[in-house]
Peer 1: 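Okay, handing you the structure first.
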Amino acid sequence: MCRPPPPVRAWGCEVIRHLIIGNGPAGVVAAETLRRADPQAEITLIGDEAEPPYSRMAIPYLLSGKIGEPGTYLRKDAAHFEGLRIGLLCARVAALDSTRRTATLADGSVLAWDRVLIASGAHPVQPPIPGIDLPQVLSCWTLADARRIAAAVAPGSRVLQMGAGFIGCIILESLAARGPQLTVVEMGERMVPRMLDEVAGGMIRRWCEEKGVQVRTGRRVQAIDPLGKTLLVRLDDGETLEVDALINATGVKPNVDFLAGSGVAVDNGILVDDSMQTSVAGIYAAGDVAEAVEFGTGRRVVNAIQPDAVEQARVAALNMAGQQAALPGTFVFNVLDTMGLISASFGQWHGGPACETAQLLDDADYRYLRLVFDGERLIGANTIGHTEHIGVLRGLIQGRVRLGEWKARLLANPLLLSEAYLARGLAAA
Ligand SMILES: Cc1cc2nc3c(=O)[nH]c(=O)nc-3n(C[C@H](O)[C@H](O)[C@H](O)COP(=O)(O)OP(=O)(O)OC[C@H]3O[C@@H](n4cnc5c(N)ncnc54)[C@H](O)[C@@H]3O)c2cc1C
């Protein structure tokens with residue numbers, strides 16, 4: 001890893017020292033945006049994993065053998081960061097002092113900064129289950145985790161995946177591609193409960209079962225006992241399963257430990273305004289660690305997906321460089337590929353008491369469309385299949401398009417989405 005570059009002293013200009021904590025997609029895009037916006041600035045990008053900056057999104061492709069590790073790297077040219085005079089540092093930030101404007105690293109060394117971006121992402125949660133720290137219990141979050149999974153999940157091995165949320169469903173196909181006997185245990189009443197309604201969650205379950213995955217919903221893992229080299233997993237209804245490995249996919253939490261005493265306000269994530277600045281001037285946050293204002297509702301949400309991380313990072317970096325940029329609101333929009341079945345969730349898909357809904361269901365063909373209206377606007381949707389409508393749905397919801405007479409038409413026939421967008425959305429775009 002290279003050290004930070006020496007400050008460049010330009011005649012009459014102050015050199016701003018930017019420190020970026022976290023070298024995932026948010027950190028990398030922020031560093032590159034800063035360089036473009038300020039050719040003189042000193043930019044240091046710190047990450048605590050001993051890997052070149054990489055994308056977690058690519059891990060399923062690595063596990064299914066479609067790419068090698070270099071395929072996960074965010075920038076393929078080894079000299080990329082040096083060429084941009086971005087210093088890459090492999091170290092862990094242990095503390096941030098917002099008064100002295102310093103960061104203390106785990107080895108005790110201290111870095112001074114003028115502006116800092118916290119892009120430290122999240123880490124997998126460890127539910128308080130006896131046996132959760134046994135070596136055969138694995139997460140699927142880092143490249144190091146992927147190496148462990150590749151060693152443990154082989155044809156014929158027995159694997160239990162705990163959790164069927166967004167990440168749990170994304171990794172199913174790549175786990176299944178390694179040929180194990182796979183069982184999924186989800187404590188919610190359906191799969192992907194925080195993204196999809198009962199109909200869609202049930203459809204995904206049926207799809208997975210048809211592909212040979214055993215699914216238990218509404219059940220919890222209660223204890224994990226070592227049994228020689230294997231594990232005996234006890235569920236809350238008394239069922240026991242002997243497995244070779246357990247994949248923990250029960251969720252993640254933002255990495256904020258090093259902020260203790262810094263004055264940076266944290267709720268579920270780091271609270272930011274629309275410029276991505278935190279409660280402390282000069283300290284910004286972006287990506288999985290940030291809790292930003294949600295588009296359409298004004299609520300604060302951690303929207304832990306890569307496109308959002310990158311957009312937040314771009315906005316943060318422009319403001320750090322002295323320009324003015326604002327995030328129009330983080331738009332909750334997830335597209336999920338579960339073993340080849342594509343589902344999507346938009347905005348306020350769960351609706352509310354005052355909302356009207358339109359629904360189209362084709363169980364046999366695994367197609368489902370549910371639209372949620374508030375007044376004359378579409379505010380959310382769930383889909384399975386219907387990939388042809390994803391762009392239009394996003395446009396209608398994010399564009400807050402007034403549907404007028406098209407609302408009644410959509411209630412009668414949800415398939416008229418493209419026509420509604422052409423009639424009403426383009427005028428608003
Ligand atoms: C298996 C998998 C599949 C996924 N698939 C998708 C997908 O299909 N679509 C999608 O949109 N999203 C997907 N995601 C989520 C996506 O990867 C994240 O939203 C994205 O990585 C967030 O980027 P980030 O830069 O905020 O955080 P991260 O990528 O987590 O990067 C943060 C970095 O900061 C480092 N760090 C943390 N604390 C410190 C510290 N104190 N000092 C120094 N460094 C620190 C971390 O180790 C990490 O390297 C997937 C995630 C996983 C695990």
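Residue numbers run from 1 in the order of the sequence given. Computed over heavy atoms, backbone and side chain alike; hydrogens, waters and symmetry mates excluded. Note that ligands are numbered from 1 as they come in the structure, with each ligand's atoms numbered from 1 the same way.
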Peer 1: Under 6.0 Å between the ring centres of Y73 and Y54?
Peer 2: no
Peer 1: Can you list the atoms of ligand 1 that are under 4.0 Å from a heavy atom of A91?
Peer 2: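 Counting atoms of ligand 1 from 1, those under 4.0 Å from A91 are 42 (N), 43 (C).
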Peer 1: Relative to the heavy atoms of N23, which atoms of ligand 1 are at a distance of less than 4.0 Å?
Peer 2: 33 (C), 34 (O), 49 (O)
Peer 1: Could you pull out all residues at least two apart from Q222 that satisfy side chain to side chain donor-acceptor pair (under 3.5 Å)?
Peer 2: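 Once residues adjacent in sequence are excluded, Q222 has no partner under the side chain to side chain donor-acceptor pair (under 3.5 Å) criterion.
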Peer 1: In ligand 1, which numbered atoms sit nearer than 4.0 Å to a non-hydrogen atom of A304?
Peer 2: 19 (O)
Peer 1: Below 4.0 angstrom from a heavy atom of G287, which ligand 1 atoms are there? Numbered from 1 as shown, please.
Peer 2: 26 (O)
Peer 1: Are any of the N/O atoms in V93 less than 3.5 Å from those in ligand 1?
Peer 2: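 Yes, V93 has an N/O under 3.5 Å of an N/O on ligand 1.
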Peer 1: What atoms of ligand 1 come within less than 4.0 Å of a heavy atom belonging to C140?
Peer 2: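 Here the atoms of ligand 1 in question are 1 (C), 53 (C).
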Peer 1: Heavy-atom contact check, 4.0 Å cutoff: does P53 meet ligand 1?
Peer 2: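 Judged by the 4.0 Å heavy-atom criterion, P53 does not count as contacting ligand 1.
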Peer 1: Give the numbers and elements of all ligand 1 atoms closer than 4.0 Å to a heavy atom of P307.
Peer 2: 11 (O)
Peer 1: Hey, is R299 close enough to E291 for a salt bridge, meaning N to O under 4.0 Å?
Peer 2: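 Answer for the salt bridge query: no.
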Peer 1: Please say which of L361, I384, L417, N382 ends up in a side-chain contact (heavy atoms from CB on, under 4.5 Å) with L369.
Peer 2: L417
Peer 1: So does R300 pair up with E294, basic N to acidic O under 4.0 Å?
Peer 2: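 E294 and R300: not salt-bridged.
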Peer 1: Below 3.5 Å, can you tabulate the donor-acceptor pairs from side chains in residues 193-200 to any protein atom, sequence neighbours excluded?
Peer 2:
residue, atom, partner, partner atom, Å
D197, OD1, V199, N, 3.2
D197, OD1, A200, N, 2.9
D197, OD2, Y368, OH, 2.6

